[in-house]
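Right, one structure below, let's go through it.
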There are 2 protein chains.
Amino acid sequence: MDNDKYKLLIVDDEEDILEFLGYSLKREGFQVFTASNGKDGISKAKKEIPHLIIMDVMMPEMDGISAVEEIRNNKSLDETLIVFLTARSEDYSQIAGFEAGADDYIAKPIKPKVLISRVKALLRRSLKKDSGKIVVIGNLVIDQEKFEVLLDGKKIILPKKEFKLLKLLAASPNKVFTREEIFVKVWGDDVIVGDRTIDVHVRKIREKIGDNLIKTVKGIGYKLEN
Amino acid sequence: MDNDKYKLLIVDDEEDILEFLGYSLKREGFQVFTASNGKDGISKAKKEIPHLIIMDVMMPEMDGISAVEEIRNNKSLDETLIVFLTARSEDYSQIAGFEAGADDYIAKPIKPKVLISRVKALLRRSLKKDSGKIVVIGNLVIDQEKFEVLLDGKKIILPKKEFKLLKLLAASPNKVFTREEIFVKVWGDDVIVGDRTIDVHVRKIREKIGDNLIKTVKGIGYKLEN
DNA sequence: TTTTAGATTAAGAAATTGTTAAATCACACC
DNA sequence: GGTGTGATTTAACAATTTCTTAATCTAAAA
């Protein structure tokens with residue numbers, strides 16, 4: 001199995017468990033990320049957009065259920081699967097967890113084989129068809145299928161040319177695209193438009209996603225900074 | 001929730017459990033069927049094509065795992081979810097169960113609240129991905145078999161082309177279908193129709209299901225938003 | 001300071017879609 | 001085979017959105 005295409009995020013405050021689970025899952029080929037509290041978990045989730053999150057219910061600072069609620073509010077994490085780790089027979093947290101938007105739970109103590117079976121079963125069922133048409137740059141998600149851009153999980157609609165231009169820049173973050181290049185790739189070889197046209201489009205995109213992401217490189221062109 | 005849409009089959013050799021679970025789930029509105037052994041379970045499953053099967057692992061005559069293997073070999077039960085009931089800490093059967101094609105397991109003793117949460121979570125999760133015979137988008141249900149659309153439970157009749165178009169959009173909610181794509185998939189490769197034909201059809205559908213569901217993505221196409 | 005590339009703004013052009021009504025088509029029914 | 005009903009398509013025009021330009025302003029480089 002191509003487990004290496006899946007990103008897993010493990011969130012637990014106990015270093016031992018983090019390491020133990022991380023080790024077991026890495027051995028199966030998964031890309032594993034970890035976080036040791038709810039807050040960090042949320043920010044890592046937003047950054048990596050994992051396919052599946054394994055989250056401890058009981059944690060200091062921010063408990064798992066609150067974290068999941070926040071994650072579920074983020075549009076770009078809509079498809080992410082969430083598995084709770086709960087202490088055995090904490091039935092209440094199971095129910096609350098499902099209500100918060102979890103997809104499964106696993107009771108502690110955790111046996112790696114069980115965890116792996118479960119993770120695989122979830123991924124198998126849920127991600128049969130994965131999009132692969134999504135580009136993520138920092139807190140910006142560009143979904144080519146839905147033709148929408150998410151900034152910090154907030155949906156933004158861009159007109160065709162603006163979307164195309166942003167998509168181009170996002171395809172190679174930090175690379176400077178010359179005006180020449182942009183013309184060819186966005187407008188096409190044959191179309192002739194004035195010089196200021198690009199500027200205006202860049203401006204409109206900046207209006208929508210903020211001024212910090214697209215940098216001007218004077219005399220050369222533009223780049224999307226990461 | 002419209003639990004009455006869902007058929008559940010419970011397979012267990014203990015009469016008590018059968019009754020207890022059946023009662024709990026019926027109270028939630030599900031259509032409940034029961035069987036007291038693996039063989040009977042298989043034949044009832046084939047007959048009713050339930051959405052979800054709850055199956056005891058340990059049973060006389062035919063154990064749950066063999067039964068699940070046989071069920072999974074049946075094409076029409078491909079989409080059916082399967083939940084195992086296992087005695088606590090029987091880790092081995094968990095793994096074997098997943099390998100046989102189960103989607104989840106629940107440890108005995110069973111608490112109804114937990115069971116119900118779990119069942120609902122499974123149905124919710126898998127229905128999202130289900131591109132099978134029935135598609136649900138918000139308050140819209142599209143039944144491809146009966147060739148009808150329900151809006152807030154009220155039946156709406158759509159002519160062939162309109163239905164085909166709506167079905168296409170509903171097959172991948174939120175995905176933007178280009179006009180190109182729509183032409184090919186609804187009208188066919190060879191048919192040539194005018195540009196406004198799609199618009200008119202979209203308009204007619206909107207007249208019937210409301211203006212909010214089908215969004216126009218200018219310059220690209222249409223999508224059914226969720 | 002001067003020069004130059006880019007930023008900004010508003011307005012009109014261009015492109016795309018919405019809407020309506022009427023024409024055409026398909027098919028069941030007599 | 002005709003007739004009628006509803007489905008489908010076309011055509012004309014309206015409405016809307018997007019794109020481009022042009023004019024003016026700003027800031028960085030020379």
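In the text below, chain A, chain B and the rest are named by the order of the sequence lines, each starting its count at 1.
Straight-line distance from the CG atom of A/D211 to the C1' atom of C/dA7: 10 Å, rounded to whole Å. Going from atom NZ of A/K164 over to atom P of D/dT20 covers 11 Å, rounded to whole Å. Straight-line distance from the CD1 atom of A/I157 to the C1' atom of D/dT16: 16 Å, rounded to whole Å. Look at CZ on A/F183: it is 10 Å from P on C/dG6, rounded to the nearest Å. For B/E162 and D/dT9, the CD to C1' distance is 12 Å, given to the nearest whole Å. Taking atom CD1 of residue A/I205 and atom C1' of nucleotide D/dC19, one finds them 13 Å apart after rounding to whole Å. One can place CG of A/D199 at 14 Å from C1' of D/dA23, the figure rounded to the nearest angstrom. Rounded to an integer number of Å, the gap from CG of A/L158 to C1' of D/dT18 is 12 Å.
Partners of A/D13 under the side-chain contact (heavy atoms from CB on, under 4.5 Å) rule, at least two apart in sequence or in another chain, are A/D56, A/M59, A/P60.
Using a 4.0 Å cut-off, some side-chain N or O of B/R206 falls inside it from OP1 or OP2 of C/dG18. Side-chain N/O atoms of B/R203 include one lying less than 4.0 angstrom from OP1 or OP2 on C/dT19. Taking only side-chain nitrogens and oxygens, B/K161 comes nearer than 4.0 Å to OP1 or OP2 of D/dT9. Listed pair B/W187 / D/dT8 fails the phosphate criterion, with no side-chain N or O lying under 4.0 Å from OP1 or OP2. OP1 and OP2 of D/dT8 both lie 4.0 Å or more from every side-chain N or O belonging to B/T197. OP1 and OP2 of C/dT16 both lie 4.0 Å or more from every side-chain N or O belonging to B/Y222. Checking the phosphate oxygens (OP1, OP2) of C/dA5, no side-chain nitrogen or oxygen of A/T216 falls inside 4.0 Å.
Each of C/dT17, D/dC19, D/dT21 was ranked by its minimum atom distance to the side chain of A/R196; first place goes to D/dT21.
Two residues, A/G194 and B/H201, neighbour DNA chain D, and the one matched to the more 5' nucleotide by heavy-atom proximity is B/H201. Closest-nucleotide positions on DNA chain C for A/E207 and A/I220 were compared, and the one nearer the 5' end corresponds to A/I220.
Within 4.0 Å (heavy atoms only), A/V202 reaches no atom of the nucleic acid at all.
Residue A/E207 qualifies as enclosed at atom CD: its count of foreign heavy atoms under 6.0 Å is above 12. Remark: B/K155 NZ is loosely packed, at most 12 non-hydrogen atoms of other residues, nucleotides or ligands lying under 6.0 Å away.
The base of C/dT16 is paired with the side chain of B/K218 by a donor and an acceptor separated by under 3.5 Å.
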- prompt: Are B/R179 and B/T197 close enough, and set up right, to give a side chain to side chain donor-acceptor pair (under 3.5 Å), and what steps lead you there?
  reply: CA-CA 10 Å; B/R179 282 161 168 274; B/T197 303; over 6 Å; no
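Figure legend: cation-pi geometry between A/K175 and A/F177, with NZ or CZ positioned under 6.0 Å from the six-membered ring centre and within 45° of its axis.
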